[in-house]
Structure formats: structure tokens, C-alpha cells
Amino acid sequence: EGGTPCTEVIRGGRRRVTMRKDGFREQSETRNLQSGSVVSYSLQPARGRLTVNTDSPGANVLIDGAIIGPAPLPDRALPPGTYIVTVRSRCLRDEVRTVEITQDTLTTVEVSQQPAVGALDVVPRDEYMNVMEAEVYADGVHVGHAPGVLTLPVCTDMIQIQSEEFEWSGKVKIQTEATTPLNIVLV
């Protein structure tokens with residue numbers, strides 16, 4: 001019941017010797033002890049294991065905010081405890097899980113990420129600043145009509161606005177869960 005290193009005076013004979021320390025594997029055995037015997041153990045760290053699987057291979061896996069590596073994360077040894085596991089990818093929503101790692105147990109986390117989206121408030125105008133109606137395309141795919149607010153993936157690269165007489169195209173940075181204004185003049 002002492003700390004380490006410890007010295008205990010034990011009568012000789014057959015004895016059960018157990019050594020334990022928080023964060024380490026317990027070691028126990030029955031031994032025949034002689035008077036003056038020295039018993040020494042090297043305790044191994046206690047570990048559980050964590051595997052993270054996701055439908056977005058290559059996404060970053062973070063444990064308690066630190067990047068550990070790309071997904072999938074196979075069989076990572078960790079001391080027992082509670083951890084915050086985050087799967088992060090540029091074009092997808094972060095997925096966060098609280099996991100409990102227990103000694104000698106494999107904990108598997110399955111994560112499915114959803115696209116990260118934002119809104120684009122499109123207001124096309126003519127050269128006299130009158131609001132115009134137009135069609136909106138994101139990366140070459142028709143996504144709606146303007147004027148209006150459109151929900152789009154944050155990884156949208158190119159926006160095109162087309163009216164009967166005019167066309168505009170350009171790169172727009174869509175912010176996650178925010179509305180980005182796009183006021184353009186079609187000439």
C-alpha cells in the first residue's frame with residue numbers, strides 16, 4: 001500500500017505480491033519469499049485503444065484539439081480517460097464525439113460527416129441599379145433564381161449569374177453557416 005519505490009518488511013514464506021499505481025497496469029503474483037528478498041517490478045502504462053472510422057477518408061482526426069492524423073485512425077493507444085474526438089474536413093461539418101477510453105478495451109467511433117453549407121444572398125442589378133431577375137449556377141450546376149438567398153456548399157468555387165441579356169461569373173468564398181452578400185451589376 002506504499003508509493004514507489006516502496007520498502008516493506010514481510011515475513012518469509014509464500015506470499016501474494018501486488019503492485020499497482022494509477023495510470024499503470026497492476027502486476028500481481030504469488031512468490032516464495034526469503035528473509036531479505038527484494039521484489040522489483042516494472043509496471044506498464046495502462047492503455048485503451050481508439051479507432052476512428054469515417055465516410056470522409058483523409059479528414060483530420062483531432063483528440064482534445066490536437067491533430068493526430070488522417071482518417072481512418074486505426075487502433076490508437078491512449079491512457080484511460082475521457083477524450084473529445086473531432087473529425088474535420090475542409091468541405092464538411094466538424095463532427096465531435098466525447099469518448100471514454102477504458103483499460104484493455106478497443107473503443108470504435110463511427111463518424112458520418114455532412115456537407116458544410118452557407119448562404120449566398122444574390123442581388124443582380126442592371127447598369128441603372130435596378131434589381132434584375134437572373135439564373136444562378138454554382139460550379140456549372142443550376143442552383144436557383146435571383147434575387148434571393150441560396151444555400152450552397154462552402155466548397156463552391158465558381159458562381160455564374162445569367163439573365164437574358166447579361167452574364168457574370170466569379171469566385172465567391174461562402175462562409176459556413178453565414179450569409180455572404182453578392183451584389184453585382186450585370187452589364
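- Membership of the apolar cluster around Val131 extends to Val123, as traced through chained side-chain contacts below 4.5 Å between ILVMFWY residues.
- Crowding of Glu133 atom CD: a count of heavy atoms from other residues, nucleotides or ligands under 6.0 Å not exceeding 12.
- Contact check for Thr108 versus Leu50: no side-chain heavy atoms found under the 4.5 Å cut-off.
- When atom types are taken as modelled, the side chain of Gln113 and the backbone of Arg93 share a donor-acceptor pair closer than 3.5 angstrom.
- For the pair Lys21 and Glu26, the salt-bridge criterion is not met [side-chain N within less than 4.0 Å of a carboxylate O].
- Look at Glu95 and Arg97 and you find a salt bridge, because one of the NZ, NE, NH1 or NH2 atoms lies within 4.0 Å of a carboxylate O, short of that distance.
- Contact detail for Val154 and Gln175: the closest heavy-atom pair is CG1-C, 3.9 Å.
- Between the CD1 atom in Ile174 and the OG1 atom in Thr179 there is a gap of 10.5 Å [rounded to 0.5 Å].
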Which is it for Leu186 and Asp126 under the side chain to side chain contact (heavy atoms under 4.5 Å, CB included) test, yes or no, and what are the steps along the way?
CA-CA 5 Å; Leu186 297 175; Asp126 65 16; over 6 Å; no
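- Under a hydrophobic clustering in which Ile, Leu, Val, Met, Phe, Trp and Tyr are joined whenever their side-chain heavy atoms come within less than 4.5 Å, directly or via other members, Ile161 and Leu152 fall into the same cluster.
- Here the closest heavy-atom approach between residue Pro124 and residue Ala134 is recorded as CG-CB, 4.1 Å.
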Between Val136 and His145, does the side chain to side chain contact (heavy atoms under 4.5 Å, CB included) criterion hold? Intermediate values first, please.
CA-CA 6 Å; Val136 181; His145 308 282; over 6 Å; no
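- In this structure, Arg49 CZ and Thr107 OG1 are separated by 9.0 Å, a value rounded to the nearest 0.5 Å.
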Where do Val52 and Val85 land on the side chain to side chain contact (heavy atoms under 4.5 Å, CB included) test, with the steps shown first?
CA-CA 9 Å; Val52 179; Val85 176; 4.0 Å; yes
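- The same ILVMFWY cluster, assembled from side-chain heavy atoms under 4.5 Å apart, contains both Val143 and Met132.
- Within the 3.5 Å criterion, the main-chain N or O of Asp75 finds a donor-acceptor partner in the side chain of Thr51.
- To the nearest 0.5 Å, atoms OG1 (Thr156) and NZ (Lys173) are separated by 10.5 Å.
- The main-chain N or O of Val111 is found under 3.5 Å from a side-chain atom of Thr54 such that the two form a donor-acceptor pair.
- Neither Leu120 nor Val117 shares a network with the other; the hydrophobic side chains, linked directly or stepwise wherever heavy atoms of I, L, V, M, F, W or Y lie under 4.5 Å apart, form separate groups for each.
- Side chain of His142 to backbone of Gly144: a donor-acceptor contact under 3.5 angstrom is found.
- Under 4.0 Å is where a charged nitrogen must lie from a carboxylate oxygen, and between Arg47 and Asp104 no such pair does.
- A distance-only check finds a donor-acceptor pair linking the side chain of Asp139 to the backbone of Met158 [under 3.5 Å].
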Test side chain to side chain contact (heavy atoms under 4.5 Å, CB included) on Met19 and Ser28 and set out the steps.
CA-CA 6 Å; Met19 291 200 180; Ser28 187; over 6 Å; no
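- Nearest heavy atoms, Pro115 versus Leu92: CA-CD2, 3.7 Å.
- Under the 4.5 Å side-chain criterion, counting only non-hydrogen atoms from C-beta, Tyr83 is not in contact with Thr98.
- One hydrophobic cluster, built from ILVMFWY side chains closer than 4.5 Å, cannot hold both Leu182 and Tyr137; they sit in different ones.
- The distance from atom CZ of Arg14 to atom CZ of Arg31, rounded to the nearest 0.5 Å, is 11.5 Å.
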Run the side chain to side chain donor-acceptor pair (under 3.5 Å) test on Asp55 and Ser112 for me, step by step, so that the C-alpha distance in whole Å, both residues' side-chain angles and the decisive distance to 0.1 Å come before the verdict.
CA-CA 5 Å; Asp55 58 358; Ser112 179; 2.8 Å; yes
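- With Asn60 contributing its side chain and Arg88 its backbone, the two residues share no donor-acceptor pair below 3.5 Å.
- Residues Arg25 and Pro45 fail the side-chain proximity criterion, which asks for heavy atoms closer than 4.5 Å.
- Once rounded to the nearest 0.5 Å, the distance linking CG of Leu150 with OG1 of Thr180 reads 11.5 Å.
- By the criterion of side-chain heavy atoms lying less than 4.5 angstrom apart, applied directly or through intervening Ile, Leu, Val, Met, Phe, Trp or Tyr residues, Leu62 is not grouped with Val109; the two fall into different hydrophobic clusters.
- Nearest heavy-atom pair across Thr82 and Asp64 is O-OD2, 4.5 Å.
- Of all non-hydrogen atoms in Ser89 and Asp94, the two that sit nearest each other are N-OD1, 4.4 Å.
- One finds the CZ atom of Phe166 at 6.0 Å from the CD atom of Glu127 (value rounded to the nearest 0.5 Å).
- Side-chain N or O atoms of Thr105 include one that pairs as donor or acceptor with a backbone N or O of Gln103 at under 3.5 Å.
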